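The structure appears right after this line, and notes come after that.
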Amino acid sequence: MITLEGINRIFQVGDQQVHALDDINLTIEPGEYLSLMGPSGSGKSTLLNILGLLDKPTSGRYLLEGREVTSLSDDEQAQVRGEKIGFVFQFFHLVPRLSAFENVELPLVLAGMAPAGRREQVNNILEQLDLTDRAHHRPDQLSGGQRQRIAIARATIMKPTLLLADEPTGNLDSKSGADVVEVLEKLNAGGITLVVVTHDGQVGKRASRRLRMVDGCIVQDERG
Ligand code: ADP
Ligand code: MG
């Protein structure tokens, strides 16, 4: 599903160059469940952002479902992202003025779906996540765990094939974190390819394939 070949990402900071990703080669099969661990600054978020088409490599090739995506225009990348990729962040990134329902509905609005269809899909997903009674609350009226589950609903309502999560439990207590991991794992069991960046060893070791990064390189790739 994913092939990265010789991916480098160099940030220019003043007169310094930061080599955030150093010749990354990686293949991910459909339906895999990967965790990505490593010290702060090792390049985990940079790699996830490139996988999610939120950032472009300085050099190298990225094939997503057989298609070279690094050379696409911004608009084309946005389209691929909208159809195939869901992204979940540590700090949720919900729209503060919108209700939980409206946050989840947003991708469907942007995709031009009619209101009745939207309502049905959003209600279904809120029910699956046990959030029906929170539908009309704003994010600031929800707990961290509820916010993250709303963010996951928003990330997956377009039925992406790839779900990327950057420290999804990093801002949650352990019980809420466990609930969020359970939701992510259910989605993976349903077929979605899942990549979770985490510094929590308990979360990381649950994945069936575990990558470790140091200084922009993948130094360990463990299965089973
Ligand atoms: P991690 O997620 O593993 O903590 P990051 O991928 O965020 O690491 O960062 C890897 C390296 O790249 C760090 O040295 C960081 O300071 C640098 N970096 C990341 N993003 C930027 C940016 N937008 N501009 C400059 N340097 C960056
Ligand atoms: Mg990071």
Side-chain angles (χ1 to χ4, degrees), residues 2-28 32-64 69-74 77-78 81 85-94 144-145 147-149 151-152 154-155 160 162-174 176-178 180-181 183-185 188 193-207 209-222:
I2 285 172
T3 306
L4 299 180
E5 292 175 356
I7 293 283
N8 287 281
R9 179 65 169 103
I10 298 168
F11 293 105
Q12 188 77 41
V13 185
D15 56 4
Q16 287 218 326
Q17 290 201 335
V18 179
H19 212 143
L21 295 178
D22 186 357
D23 191 28
I24 298 287
N25 294 286
L26 180 66
T27 301
I28 302 175
E32 273 199 291
Y33 174 14
L34 281 85
S35 62
L36 185 51
M37 300 192 66
S40 177
S42 58
K44 305 179 299 295
S45 293
T46 303
L47 180 55
L48 211 65
N49 290 342
I50 284 176
L51 288 172
L53 299 176
L54 297 173
D55 187 21
K56 291 184 186 194
T58 309
S59 63
R61 273 163 39 97
Y62 174 9
L63 287 100
L64 177 61
V69 287
T70 36
S71 53
L72 299 179
S73 70
D74 289 352
Q77 285 200 347
R81 197 164 55 235
I85 304 171
F87 216 112
V88 179
F89 304 91
Q90 179 175 0
F91 295 104
F92 325 123
H93 291 213
L94 297 172
R147 286 185 218 184
Q148 194 60 299
R149 283 183 289 138
I152 294 169
R154 183 186 55 181
L162 173 62
L163 181 58
L164 305 169
D166 196 351
E167 307 273 10
T169 64
N171 199 37
L172 302 177
D173 62 75
S174 56
S176 309
V180 161
V181 169
V183 170
L184 294 173
E185 289 180 353
N188 173 250
T193 307
L194 175 62
V195 184
V196 180
V197 167
T198 182
H199 57 239
D200 181 339
Q202 295 302 316
V203 173
K205 76 178 187 191
R206 298 180 61 89
R209 183 174 172 196
R210 298 166 299 280
L211 303 183
R212 180 154 206 96
M213 289 188 76
V214 175
D215 290 342
C217 300
I218 296 172
V219 296
Q220 196 176 312
D221 185 348
E222 236 180 33

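Just so it is clear, the structure is predicted and the values come from calculations on it, not from any experiment. Basis for what follows: all heavy atoms, side chains included, without hydrogens, waters or symmetry-related copies. Ligands are counted one by one from 1 in listed order, and the atoms in each one are counted from 1 as well.
Comment: Asp74 engages Lys56 in a salt bridge, judged by a side-chain N to carboxylate O separation of less than 4.0 angstrom.
Take the Mg ion (ligand 2) and draw a sphere of radius 2.8 Å; the protein N/O/S atoms inside it number 1.
Across Arg212, Arg210, Arg209, a single residue satisfies salt bridge (charged side-chain N to carboxylate O under 4.0 Å, His left out) together with Asp221, and that is Arg209.
By the ring pair (Phe, Tyr, Trp, His ring centres under 6.0 Å) test, Phe89 pairs with Phe87, His93, sequence neighbours left out. Under the side-chain contact (heavy atoms from CB on, under 4.5 Å) criterion, Ile10 pairs with Gln17, His19, Thr58, not counting sequence neighbours.
Within 4.0 Å of ligand 1, contacts by protein heavy atoms are made from Phe11, Val13, Val18, Ala20, Pro39, Ser40, Gly41, Ser42, Gly43, Lys44, Ser45, Thr46.
His199 is not listed as a side-chain neighbour of Ser40, based on a closest heavy-atom distance of 4.5 Å or more. Residues Leu21 and Asn8 fail the side-chain proximity criterion, which asks for heavy atoms closer than 4.5 Å. Residues Leu184 and Pro168 have side chains in contact (heavy-atom distance under 4.5 Å, counting atoms from C-beta outward).
A donor-acceptor pair is defined here as one N or O able to donate and one able to accept, closer than 3.5 Å; no such pair exists between the side chain of Lys44 and the backbone of Met213. A donor-acceptor pair is defined here as one N or O able to donate and one able to accept, closer than 3.5 Å; no such pair exists between the side chain of Thr169 and the backbone of Gly177.
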